[in-house]
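Read through the structure below, which is laid out as structure tokens, and then see the notes.
Note that the structure is a prediction, hence the values are computed from the model and not measured. Just so it is clear, the values below take in all heavy atoms, side chains as well, and ignore hydrogens, waters and symmetry mates.
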Amino acid sequence: MPLVEITMIEGRPPERVRALIHEVHEAVRRSLEAPPESIRVVVREVPPTHWAAGDVTIAERRAASGAASADGGGEGAGG
């Protein structure tokens, strides 16, 4: 039974998450020729305050990017 786990920052509309599940399911079905009922897809949505890279959370990166944009200088850190 194939199991695909996806972890991403929360905030996308439910229909986009559903579309992602469908596309991943279809990719696994086609590539592994797995029976559709055996495929599992799990999506975990993490708050931006709970996801960090280089000891900076996504929320902090977004805040810094917004401050830089408001000041008219610098590029955003992305996320």
Side-chain angles (χ1 to χ4, degrees):
M1 151 175 76
L3 169 64
V4 179
E5 297 182 60
I6 301 166
T7 304
M8 60 186 188
I9 298 297
E10 68 184 3
R12 290 171 181 82
E15 2 359 289
R16 293 195 77 187
V17 175
R18 182 64 184 96
L20 173 64
I21 291 168
H22 173 73
E23 293 298 330
V24 168
H25 178 272
E26 287 302 302
V28 171
R29 184 188 59 75
R30 283 190 311 269
S31 62
L32 299 180
E33 298 180 358
E37 63 277 2
S38 75
I39 301 167
R40 308 293 189 259
V41 179
V42 177
V43 177
R44 290 185 184 86
E45 294 186 282
V46 178
T49 55
H50 295 178
W51 186 309
D55 198 30
V56 180
T57 68
I58 297 297
E60 292 165 341
R61 288 181 194 277
R62 287 177 178 170
S65 177
S69 296
D71 293 340
E75 288 189 14

Contact summary for V46 and W51, nearest pair of heavy atoms: CB-CE3, 4.0 Å

So does R29 pair up with E26, basic N to acidic O under 4.0 Å? yes

At their closest point, which heavy atom of S38 faces which heavy atom of A34, and how far apart are they? OG-CB, 4.0 Å

Are side-chain heavy atoms of R62 and I9 found at a separation under 4.5 Å? yes

Tell me whether the count of non-hydrogen atoms from other residues, nucleotides or ligands lying under 6.0 Å of CD in E37 goes above 12. yes

Tightest non-hydrogen contact, residues T57 and T49, listed as CG2-O, 3.6 Å

Would a single hydrophobic cluster contain both I58 and V56, if residues Ile, Leu, Val, Met, Phe, Trp and Tyr are joined by side-chain heavy-atom contacts under 4.5 Å? no

When you compare the side chain of R12 with that of L20, does any pair of heavy atoms fall below 4.5 Å? no

Output all residues satisfying side-chain contact (heavy atoms from CB on, under 4.5 Å) with E10, sequence neighbours left out; order by chain, then residue number. E45, P47, P48

